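Quick note on labels: first sequence line is chain A, next is B, and so on, each numbered from 1. These numbers come from a predicted model, not from an experiment.
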Number of protein chains: 2
Amino acid sequence: MSETRWLSGPQQRDWRAFVDGSVRLLDVLDQSLKTTHGLSMAEYEILVRLSEAPERKLRMAQLAAEASQSRSRLSHTCARLESKGLVRRETCSSDKRGVFAQLTDEGFHTLERASHDHVTAVRDLFVDVTEPEDLEAIGRAFTAIIKRVDTVR
Amino acid sequence: MSETRWLSGPQQRDWRAFVDGSVRLLDVLDQSLKTTHGLSMAEYEILVRLSEAPERKLRMAQLAAEASQSRSRLSHTCARLESKGLVRRETCSSDKRGVFAQLTDEGFHTLERASHDHVTAVRDLFVDVTEPEDLEAIGRAFTAIIKRVDTVR
DNA sequence: CCGGAATAGTTGAAGCTTCAACTTTGTTCC
DNA sequence: GGAACAAAGTTGAAGCTTCAACTATTCCGG
């Protein structure tokens with residue numbers, strides 16, 4: 001076991017700012033979605049991905065990948081969304097192991113309402129307090145991180 | 001209710017890269033800490049804050065604020081850490097409502113071991129795939145976000 | 001100095017996530 | 001063609017977080 005290579009002072013400050021900031025930011029967005037629309041951010045992400053898919057439906061595995069969730073978690077969450085009437089599930093005819101999740105009309109309208117407030121909050125708390133070039137840097141950096149992290153998962 | 005001001009295409013890409021990337025990154029770090037040292041990242045953060053405090057102890061409320069956790073969550077988590085022998089709690093003599101959490105020696109040594117691997121992972125998955133100027137941008141941006149979010153909480 | 005409001009922290013239940021085991025269906029290859 | 005293996009999802013239990021209610025103590029205005 002090698003000697004630990006600690007982060008430099010500035011690196012550590014930047015890293016901690018990110019961890020604290022992202023935890024708090026995602027927390028507030030989650031609360032806000034939950035209290036005003038009864039959705040968690042995880043549920044919201046699922047509705048968004050479905051709304052953008054052809055016929056507003058996706059296979060469970062793909063939906064899980066796009067929403068960065070485990071399959072198990074998606075199963076449970078979809079069950080909840082289904083019982084709220086926002087999503088419907090149907091088995092895939094060509095591959096009988098498979099299941100499609102599809103956004104219902106009610107789900108779509110719930111998403112329309114929720115996304116208005118959500119985007120407003122994202123602007124208020126994130127975009128509007130970040131310099132445009134810093135926002136680009138964030139996009140660049142996290143795109144690379146996603147690629148890196150996915151090699152390890 | 002006003003018209004929704006959507007994010008621009010690039011803004012949306014940057015925002016989504018951040019959300020996906022941070023979820024996946026924090027996820028992997030959490031798994032890794034959990035499997036190799038039996039600690040969640042939330043627990044790890046608590047140990048870190050305590051280790052840096054004078055006498056390695058802090059009041060519960062301050063610890064909660066520093067670790068970006070609710071008091072309730074901290075109570076539960078501290079109870080678990082206490083039962084693992086990593087933390088000890090004692091009431092404050094000057095304010096009998098108050099409680100100090102203190103890192104035990106065992107907690108300190110657990111942290112020493114865990115932080116080695118954790119920092120290595122943070123380098124591998126975050127620092128080393130990010131351009132230095134992008135890292136600075138992240139630090140700057142999230143420092144501002146913390147300030148903004150804390151006005152709303 | 002007393003009664004009401006505020007602060008510190010805990011608790012138990014409900015809700016969500018993770019984990020491991022399981023069922024069903026598809027794929028491979030001999 | 002069928003045995004072994006892999007892939008898609010689901011399930012229930014255990015673990016962690018959130019929520020609301022609660023106790024105990026301190027602060028503050030009159």
Euclidean distance, atom [atom1] of residue [X] to atom [atom2] of [N] [Å, nearest integer]:
X: Leu39(A); N: dC16(C); atom1: CG; atom2: P; value: 11 Å
X: Arg71(B); N: dC16(D); atom1: CZ; atom2: C1'; value: 20 Å
X: Met60(A); N: dT11(D); atom1: CE; atom2: P; value: 10 Å
X: Leu29(B); N: dT18(C); atom1: CG; atom2: C1'; value: 17 Å
X: Leu81(B); N: dC16(D); atom1: CG; atom2: C1'; value: 12 Å
X: Leu63(A); N: dT10(D); atom1: CG; atom2: C1'; value: 15 Å
X: Met41(A); N: dC16(C); atom1: CE; atom2: P; value: 16 Å
X: Glu43(A); N: dT17(C); atom1: CD; atom2: P; value: 8 Å

Remember a base hit wins even if backbone is also touched, and classify [X] as base, sugar-phosphate or nothing at under 4.0 Å, heavy atoms.
X: Ser40(A); result: nothing
X: Thr35(B); result: nothing
X: Gln62(B); result: nothing

| remark: Residue pair Arg80(A)/Asp95(A) against DNA chain C: nearer the 5' end by closest nucleotide is Arg80(A)

Does [X] contact [N] through a side-chain donor or acceptor facing the base, at a distance under 3.5 Å?
X: Ser72(A); N: dT11(D); value: yes
X: Arg73(A); N: dT18(C); value: no
X: His76(A); N: dG12(D); value: yes
X: Arg97(A); N: dA7(D); value: yes

| field | Phosphate-side-chain proximity, Thr77(B) and dT17(D), N/O vs OP1/OP2 below 4.0 Å | value | yes

| Has Gln31(A) got a side-chain N or O lying under 4.0 Å from the OP1 or OP2 atom of dC19(D)? | yes

| Residue Asp27(B), side-chain atoms from C-beta onward, closest of dT10(D), dG26(C), dT18(C) | dT18(C)

| query | From dG9(C), dG9(D), dT18(C), pick the nucleotide closest to the side chain of Arg59(A)? | reply | dG9(D)

What is the minimum heavy-atom distance between [X] and [Y], and which atoms define it?
X: Ala101(A); Y: Arg89(A); answer: CA-CG, 4.2 Å
X: Leu81(A); Y: Ile46(A); answer: CD1-CG2, 3.9 Å
X: Gly38(A); Y: Lys84(A); answer: O-NZ, 3.0 Å

| query | In Å and rounded to the nearest 0.5 Å, what is the CD to CG distance from Gln31(B) to Leu26(B)? | reply | 11.5 Å

| task | Please check if the side chain of Thr77(B) supplies one atom and the backbone of Glu43(B) the other of a donor-acceptor pair under 3.5 Å. | result | no

| Does the pair Arg123(B)/Asp117(B) count as a salt bridge with the N-to-O cut at 4.0 Å? | no

| request: Return the 5'-most residue of the pair Lys34(A), Gly98(A) with respect to DNA chain D, ranking by each residue's nearest nucleotide. | output: Gly98(A)

